[in-house]
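Below you'll find the structure, written out as structure tokens, and then a few comments.
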Amino acid sequence: MDKDTMESEVRTIVDAASARILTPRAGECLVCYVFRQLGEFGCDGTHRFALTFRDRTAPRATALMERLGSMGACCCDCEVFNNAYTFASRPWITGASFGEAIGTGFESQEPVDLREEFGINEPPAKIFYLCCQFVRRGSTQPCPNWVRMSRW
């Protein structure tokens, strides 16, 4: 196997894995998607996940960045949770730990627990699984797991 063929195969594998991880799930809302991706990859100071969601799921939502900015999420994805949306008081509860919901679902990966960072003050013993409650295709609205933060 020559170097060019091997490089091409590696690129194909990496591109396929990236597409699988970064593709929003069917019916997943913007906020759940951004939350899941931040838990997986962290914030880089941009709106990379919100833009990816918009481009892949709701390309006609051209005012999304302006809307997020008006809610206080003007600079990056993590501001969506610091200034715009917070976890609803009655999310869907099931039998997995909260941190598992944020990761990719692979058992070999360590789940990331973002409760403290995003101000979710539930005790660690409580069992949560953030599972998007789904929105219609093309929507950039949050599912019922999220509520708008009061800015005053």
Side-chain angles (χ1 to χ4, degrees), residues 11-94 96-124 126-152:
R11 179 164 286 126
T12 300
I13 292 168
V14 169
D15 288 347
S18 294
R20 188 186 82 242
I21 292 169
L22 293 173
T23 299
R25 296 173 180 157
E28 186 173 33
C29 76
L30 168 71
V31 183
C32 286
Y33 173 77
V34 171
F35 190 73
R36 182 170 57 89
Q37 295 303 329
L38 285 175
E40 195 65 35
F41 302 106
C43 185
D44 69 350
T46 68
H47 282 292
R48 67 180 169 164
F49 300 125
L51 289 171
T52 298
F53 182 89
R54 184 197 65 196
D55 294 345
R56 293 182 181 194
T57 307
R60 294 175 56 177
T62 57
L64 175 63
M65 292 300 105
E66 290 81 18
R67 186 168 49 105
L68 290 176
S70 72
M71 291 183 219
C74 60
C75 300
C76 64
D77 286 324
C78 67
E79 285 185 340
V80 170
F81 303 100
N82 292 331
N83 301 325
Y85 291 102
T86 189
F87 206 52
S89 60
R90 294 182 174 254
W92 185 17
I93 297 176
T94 186
S97 72
F98 182 77
E100 288 174 322
I102 302 168
T104 61
F106 298 117
E107 288 81 26
S108 62
Q109 288 191 338
E110 194 66 31
V112 179
D113 189 343
L114 298 176
R115 283 177 296 145
E116 183 177 332
E117 185 175 341
F118 292 118
I120 299 168
N121 298 320
E122 297 296 332
K126 220 161 191 190
I127 306 289
F128 282 110
Y129 183 76
L130 177 63
C131 184
C132 188
Q133 294 188 28
F134 303 116
V135 294
R136 67 173 174 74
R137 181 176 168 83
S139 175
T140 57
Q141 295 299 312
C143 73
N145 286 336
W146 305 98
V147 293
R148 279 285 304 273
M149 287 182 175
S150 173
R151 294 196 67 191
W152 322 115

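- Looking only at distances, a side-chain donor or acceptor of Glu79 sits under 3.5 Å from a matching main-chain atom of Cys75.
- Phe41 is listed as a side-chain neighbour of Ile21, based on a closest heavy-atom distance under 4.5 Å.
- Here the shortest heavy-atom pairing between Val31 and Pro142 reads CG2-CB, 3.6 Å.
- The two residues Asn82 and Met149 come nearest to each other via the heavy atoms O-SD, 3.6 Å.
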Task: Residues Phe49, Leu30; criterion side chain to side chain contact (heavy atoms under 4.5 Å, CB included); working and verdict - done: CA-CA 9 Å; Phe49 300 125; Leu30 168 71; over 6 Å; no

Task: Working for side chain to side chain contact (heavy atoms under 4.5 Å, CB included), residues Arg56 and Leu22 - done: CA-CA 10 Å; Arg56 293 182 181 194; Leu22 293 173; 3.8 Å; yes

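- Looking only at distances, no side-chain donor or acceptor of Gln37 sits under 3.5 Å from a matching main-chain atom of Cys43.
- Closest approach of Ala58 and Gly138 over heavy atoms only: CB-O, 3.2 Å.
- Note that SG of Cys78 is 8.5 Å distant from CG of Asn83, once rounded to the nearest 0.5 Å.
- When the side chain to side chain donor-acceptor pair (under 3.5 Å) test is applied to Thr46, the partners found at least two apart in sequence or on another chain are Asp44.
- Residues passing the ring-ring contact (aromatic ring centres under 6.0 Å, His included) test with Phe53, sequence neighbours excluded: Tyr33.
- Between Tyr85 and Phe35 there is no side-chain heavy-atom pair separated by less than 4.5 Å.
- Among residues two or more places apart in sequence or in another chain, the side chain to side chain donor-acceptor pair (under 3.5 Å) test is passed with Thr140 by Arg67.
- The two residues Leu68 and Ala50 have their closest heavy-atom pair at CD1-CB, 4.1 Å.
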Side-chain donor-acceptor pairs of residues 59-66 under 3.5 Å, sequence neighbours excluded:
none

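- Residue Ala26 comes nearest to Phe134 through the heavy atom pair O-CE2, 3.3 Å, listed as atom of the first residue, atom of the second, then distance.
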TODO: Would you check, one step at a time, whether the test side chain to side chain contact (heavy atoms under 4.5 Å, CB included) holds for Arg36 with Arg25?
DONE: CA-CA 11 Å; Arg36 182 170 57 89; Arg25 296 173 180 157; 3.5 Å; yes

Task: Pair Phe81-Phe87, side chain to side chain contact (heavy atoms under 4.5 Å, CB included): steps then yes or no - done: CA-CA 9 Å; Phe81 303 100; Phe87 206 52; over 6 Å; no

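- Residue pairs meeting the ring pair (Phe, Tyr, Trp, His ring centres under 6.0 Å) criterion with at least one partner in residues 54-78, sequence neighbours excluded, are absent.
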